Amino acid sequence: MTLSLYNTRTKQKEAFDPIKKDKVGLYTCGPTVYNYAHIGNLRTYVFEDILRRVLKFNDYDVNHVMNITDVGHLTDDADSGEDKMEKGAAREGKTAWEIAEFYAEKFKENMTDLNITQPTTWCKATDHIQEQIDFVQALTDKGVTYETSDGIYFDTTKIDDYGKLANLENQELKAGERVDMGEKKNPHDFALWKWSPSRDGRHPERPAGSEGSRRQMEWDAFGHKGFPGWHIECSAMSMKYLGEQFDIHCGGIDHVPIHHTNEIAQTETLTGKKPWVNFWMHGEFLIMKDGDKMAKSADNFITLQTLKEKNIDPLAYRYFLLQTHYRKQLNFSWEALEAAEAGLKRLHGKVMELKDKKVGNSNSELRDNFAEKINDDLDTAGALALLQTAIKNNEINYDTVLTFDKVLGLGLNEIKGESKKVKVPKEVQELMDQRQQAREEKDFTKSDELRDKIKKLGFDVEDTSEGQKITNT
Ligand code: AMP
Ligand code: ZN
């Protein structure tokens, strides 16, 4: 059966055909690890996870590379503003390296909670500095760069098809867009490498080997202290792990006009091979009810931890996401999420009935219908509806549900009781609160006594990095 995917590059749905038979090279732009991922970011990673699972369902062997941006992503996409990592470090009184490690770990925990498959290869920008320096040098050798007093820039007028992914015409800006030109020659030119500023910020250029920087992350290159521009890491690392041309590159929709456009410009200029990537796929945004984008810098910042604190199963959020096509904007509301949670619980319950009673059939037509849905540009909503109907009509058996769940990733194989969510009685909650206090006061004898009391009431309590975790005994 043909797998058809919407390709931002050609602006249409196309039959997917990999460069190498049965093998797929997939690159997904990863998180900037200066804060927790918000649930909007996580929507993009769930969409990419579905893509990966659908590729696997179609028997492709997927080589999936995801980067971790731990340097160089400025607060402003137009190459000015502060570095997000350094800003995060200042906010939390830690080093930029500590910040990166902490939030990368938290991101991986989010992935586990949401049943997102880990990439085949993780790569950190700071582990690939030499590759990025070599890339910038090669572009300079090709004559498409220029230097300013704050770095090395790509001259976008040196290539004839700059901006084709986003239909950008002749350096025109979109309505309402502003660009801080600084010493840039053209509005769309972008930084490949930036010089570190001096401690008082008055000397943007600092010779290699000099002391007294405002930055923690910096390297000697091109005769100065400096650091990479944000876009260069994805070009350099994807080339290292996936070669000069590969199959699919993904990210959120906001990456189309700047990040991915610039990645294409620099990579195709370097290799001379076009297209660099066959399929570009982009997930639409999760937006708040009032139409606002969810942003790490805004007040409407909801993380997976926020959901967990409200006792909402992260997989209910995954289910909520799967009900809408990845290329449609999705409005977030607590009511809608609660409705999704109830829906997932009902589904869990019905799947358990199937398991216990060993009812339902399995037929290849059903599997074909499911494949048709997911192979139609990842129609998860259609696939879910098909699953629900098949269960309702007693047309599916437990094993087939599990086959479908390999794509949906809703943990339908893991349910042990009626529901994964533990309802904690008030009495037990009070004992847990007392235990929390005892642990904070390092009174471990009391803490153990309280654990025993909780056990007698039918619950096991375990201490995790996120606090006490309770399960039914
Ligand atoms: P960042 O960590 O800021 O680089 O973003 C990580 C990913 O989340 C990128 O692919 C973004 O395009 C994506 N993203 C950012 N905001 C949203 C949102 N509100 N909804 C969906 N995806 C988003
Ligand atoms: Zn990227």
Side-chain angles (χ1 to χ4, degrees), residues 2-21 23-30 43-45 47-52 54-55 58 60 62-67 77 119 135 139 144 154 156-174 188 190 230-239 241-285 325-329 374-379:
T2 311
L3 166 60
S4 90
L5 300 171
Y6 183 84
N7 188 351
T8 314
R9 186 173 70 82
T10 55
K11 296 163 186 73
Q12 59 187 5
K13 264 198 236 176
E14 285 178 32
F16 177 70
D17 196 15
I19 298 170
K20 289 188 205 133
K21 193 175 175 300
K23 287 198 190 316
V24 177
L26 168 68
Y27 187 91
T28 55
C29 288
R43 180 181 189 203
T44 293
Y45 299 109
F47 136 62
E48 293 163 350
D49 181 52
I50 292 288
L51 170 65
R52 172 154 170 194
V54 168
L55 289 165
N58 283 276
Y60 290 116
V62 186
N63 186 6
H64 176 194
V65 178
M66 182 166 350
N67 65 306
D77 272 346
F135 208 112
L139 290 174
V144 295
F154 187 101
T156 54
T157 60
K158 291 271 161 88
I159 57 174
D160 54 16
D161 55 0
Y162 178 81
K164 62 190 171 206
L165 184 73
N167 290 337
L168 305 174
E169 299 278 338
N170 304 326
Q171 302 290 324
E172 256 172 51
L173 297 177
K174 297 219 183 81
H188 289 146
F190 58 93
W230 169 39
H231 319 295
I232 200 76
E233 65 177 88
C234 292
S235 290
M237 296 194 288
S238 64
M239 189 174 294
Y241 296 106
L242 295 171
E244 290 190 346
Q245 286 176 298
F246 59 91
D247 300 297
I248 313 179
H249 194 315
C250 304
I253 192 84
D254 58 325
H255 282 351
V256 176
I258 299 175
H259 185 51
H260 288 165
T261 286
N262 294 345
E263 283 186 36
I264 291 173
Q266 63 205 8
T267 312
E268 291 189 351
T269 302
L270 185 92
T271 65
K273 294 181 183 164
K274 295 179 190 187
W276 165 40
V277 174
N278 278 343
F279 279 76
W280 284 89
M281 294 180 66
H282 295 95
E284 252 298 350
F285 262 36
H325 192 260
Y326 76 92
R327 281 193 296 117
K328 286 205 183 111
Q329 275 196 354
I374 54 166
N375 281 352
D376 180 12
D377 195 26
L378 321 180
D379 178 7

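No hydrogens, no waters, no symmetry mates; every other heavy atom, side chains included, goes into these values. Computed from a predicted model, the values in this text were never measured in an experiment.
Here Ile19 contributes atom CD1 and Asp247 contributes atom CG; the two are 4.5 Å apart, rounded to the nearest 0.5 Å. If you take CE on Met237 and SG on Cys29, they are separated by 9.0 Å, rounding to the nearest 0.5 Å. Atom CD1 of residue Ile50 and atom CG of residue Leu378 lie 7.5 Å apart, to the nearest 0.5 angstrom. Between Ile374 atom CD1 and Leu51 atom CG the span is 11.0 Å, to the nearest 0.5 Å. Interatomic distance, Thr8 OG1 to Met281 CE, rounded to the nearest 0.5 Å: 8.0 Å. Rounded to the nearest 0.5 Å, atoms CG (Leu5) and CG (Asp17) are 11.5 Å apart.
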Item to check | Residues Arg43, Glu284; criterion side chain to side chain contact (heavy atoms under 4.5 Å, CB included); working and verdict | outcome: CA-CA 9 Å; Arg43 180 181 189 203; Glu284 252 298 350; 4.0 Å; yes
Next on the checklist: Please evaluate residues Phe16 and Asn58 with respect to the criterion side chain to side chain contact (heavy atoms under 4.5 Å, CB included), reporting the C-alpha separation (whole Å), side-chain torsions for both, the decisive distance (0.1 Å), and the verdict.
Outcome noted: CA-CA 11 Å; Phe16 177 70; Asn58 283 276; over 6 Å; no
Item to check | CA sep, side-chain torsions, deciding dist, call: Glu14, Asn278, side chain to side chain contact (heavy atoms under 4.5 Å, CB included) | outcome: CA-CA 11 Å; Glu14 285 178 32; Asn278 278 343; over 6 Å; no
Checklist entry - Taking it one step at a time, do Tyr45 and Thr28 satisfy side chain to side chain contact (heavy atoms under 4.5 Å, CB included)? => result CA-CA 8 Å; Tyr45 299 109; Thr28 55; 5.7 Å; no
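Partner of His249 under the side chain to side chain donor-acceptor pair (under 3.5 Å) criterion, chosen from Arg9, His255, Glu263: Glu263. With Asn262 as the partner, the side-chain contact (heavy atoms from CB on, under 4.5 Å) test is satisfied by one option alone out of Trp230, Phe190, Phe154: Phe190. Only one option out of Asp377, Thr44, Asp379 pairs with Tyr326 in a side chain to side chain donor-acceptor pair (under 3.5 Å); it is Asp377.
Residues Phe135 and Met239 come closest through the heavy atom pair CE1-CE, 3.8 Å. Across Val256 and Ala166, no two heavy atoms sit closer than the pair CG1-CB, 3.8 Å. In terms of heavy atoms, Phe47 sits closest to Gly283 at CE2-N, 3.4 Å. Scanning all heavy atoms of the two residues, the minimum distance from Phe279 to Ala15 falls at CZ-O, 3.6 Å. Gly30 approaches Asn67 most closely through the heavy-atom pair N-OD1, 2.6 Å. When all heavy atoms are compared, the tightest approach of Arg327 to His282 is CG-O, 3.9 Å.
His325 is linked by a ring-ring contact (aromatic ring centres under 6.0 Å, His included) to nothing, counting only residues two or more places apart in sequence or in another chain. With sequence neighbours left out, Tyr162 forms a ring-ring contact (aromatic ring centres under 6.0 Å, His included) with His188.
Few gaps surround NZ on Lys11; more than 12 heavy atoms of other groups in view lie less than 6.0 Å from it.
Remark: the backbone N or O of Gly25 is not paired with any side-chain donor or acceptor of Asn63 at under 3.5 angstrom. Looking only at distances, a side-chain donor or acceptor of Gln245 sits under 3.5 Å from a matching main-chain atom of Pro275.
Using a 3.5 Å distance cut-off with no hydrogens or angles, the side chains of Gln171 and Thr156 do pair a donor with an acceptor. At a cut-off of 3.5 Å, with distance as the only test, a side-chain donor of Ser235 or Gln266 sits close to an acceptor on the other residue.
Taking the six-membered ring where the residue is Trp, His259 and His231 present tilted rings, their angle falling between 30° and 60°. Ring pair Trp276/Phe246 is perpendicular by interplanar angle, where above 60° counts as perpendicular and below 30° as parallel.
Between Thr269 and Lys158, the closest side-chain pair of non-hydrogen atoms is not below 4.5 Å. Inter-residue side-chain proximity for Leu55 and Ile248 is flagged as met; some heavy-atom pair is nearer than 4.5 Å.
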